[in-house]
Amino acid sequence: MTFKTFNPPSVRKPFGGYNHGLLVPPGASLLVTSGQLGISPEDRIPPDVAGQAELCFKAIGAILEEAGMTYSDVIRISGFVTSREDFPAYMAVRDRYTLDPKPVSTLIVVGGFTRAEFLVEVEVTAAKVFSSNAQ
């Protein structure tokens with residue numbers, strides 16, 4: 001599927017690997033994930049934001065796969081971290097998972113999550129046009 005990207009010259013260029021807007025064509029199926037936290041299936045929580053972000057994106061990848069999608073179908077990423085100092089580590093992980101065209105992206109600093117050891121949470125929206133035979 002081809003998404004049309006929007007980065008108007010009247011708007012400041014994106015700060016990183018994302019687009020300001022993406023247009024999803026008619027007939028697309030949408031997948032919206034819940035926020036994924038940096039915790040393994042065995043309940044292990046890495047002590048750093050990069051390790052937790054890696055688990056968040058792996059969980060999202062599993063959800064995408066189960067829905068018949070990949071990271072190339074992701075149109076929006078919302079990330080939440082507990083510290084501004086964690087931006088570079090989070091964005092380095094995020095940028096390894098995003099594909100062209102880059103999705104739209106929001107990153108917000110929050111006061112915390114349900115457990116103090118959580119440092120990051122990530123949710124995505126994905127869109128894919130399935131052929132009539134594949135549905």
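These numbers come from a predicted model, not from an experiment.
From Asp73, atom CG reaches atom OG1 of Thr125 across 12.5 Å, with rounding to the nearest 0.5 Å. For the atom pair Leu55 CG and Ile45 CD1, the distance stands at 9.5 Å (nearest 0.5 Å).
Arg84 CZ: 12 or fewer foreign heavy atoms inside a 6.0 Å radius. Residue-environment remark: CD (Glu65) stays at or below the threshold of 12 foreign heavy atoms within 6.0 Å.
Between Val122 and Ile77 the shortest side-chain heavy-atom distance falls below 4.5 Å.
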For Ser105 and Arg94, what are the C-alpha separation, side-chain angles and deciding distance, and is it a side chain to side chain donor-acceptor pair (under 3.5 Å)?
CA-CA 10 Å; Ser105 182; Arg94 179 203 67 187; 3.1 Å; yes

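Closest approach of Tyr71 and Gly61 over heavy atoms only: OH-N, 3.4 Å. Nearest heavy atoms, Cys56 versus Gly38: SG-N, 3.5 Å.
Glu54 and Tyr97 share a donor-acceptor pair across their side chains, judged by distance under 3.5 Å alone.
Both Tyr90 and Val109 sit in one connected hydrophobic cluster of ILVMFWY residues. Membership requires side-chain heavy atoms under 4.5 Å apart, directly or through other members. A single hydrophobic cluster is seen to contain both Val104 and Val24, as judged by linkage of ILVMFWY side chains at heavy-atom distances under 4.5 Å, directly or through other members.
The backbone N or O of Phe6 sits nowhere less than 3.5 Å from a side-chain atom of Asn19 that would complete a donor-acceptor pair.
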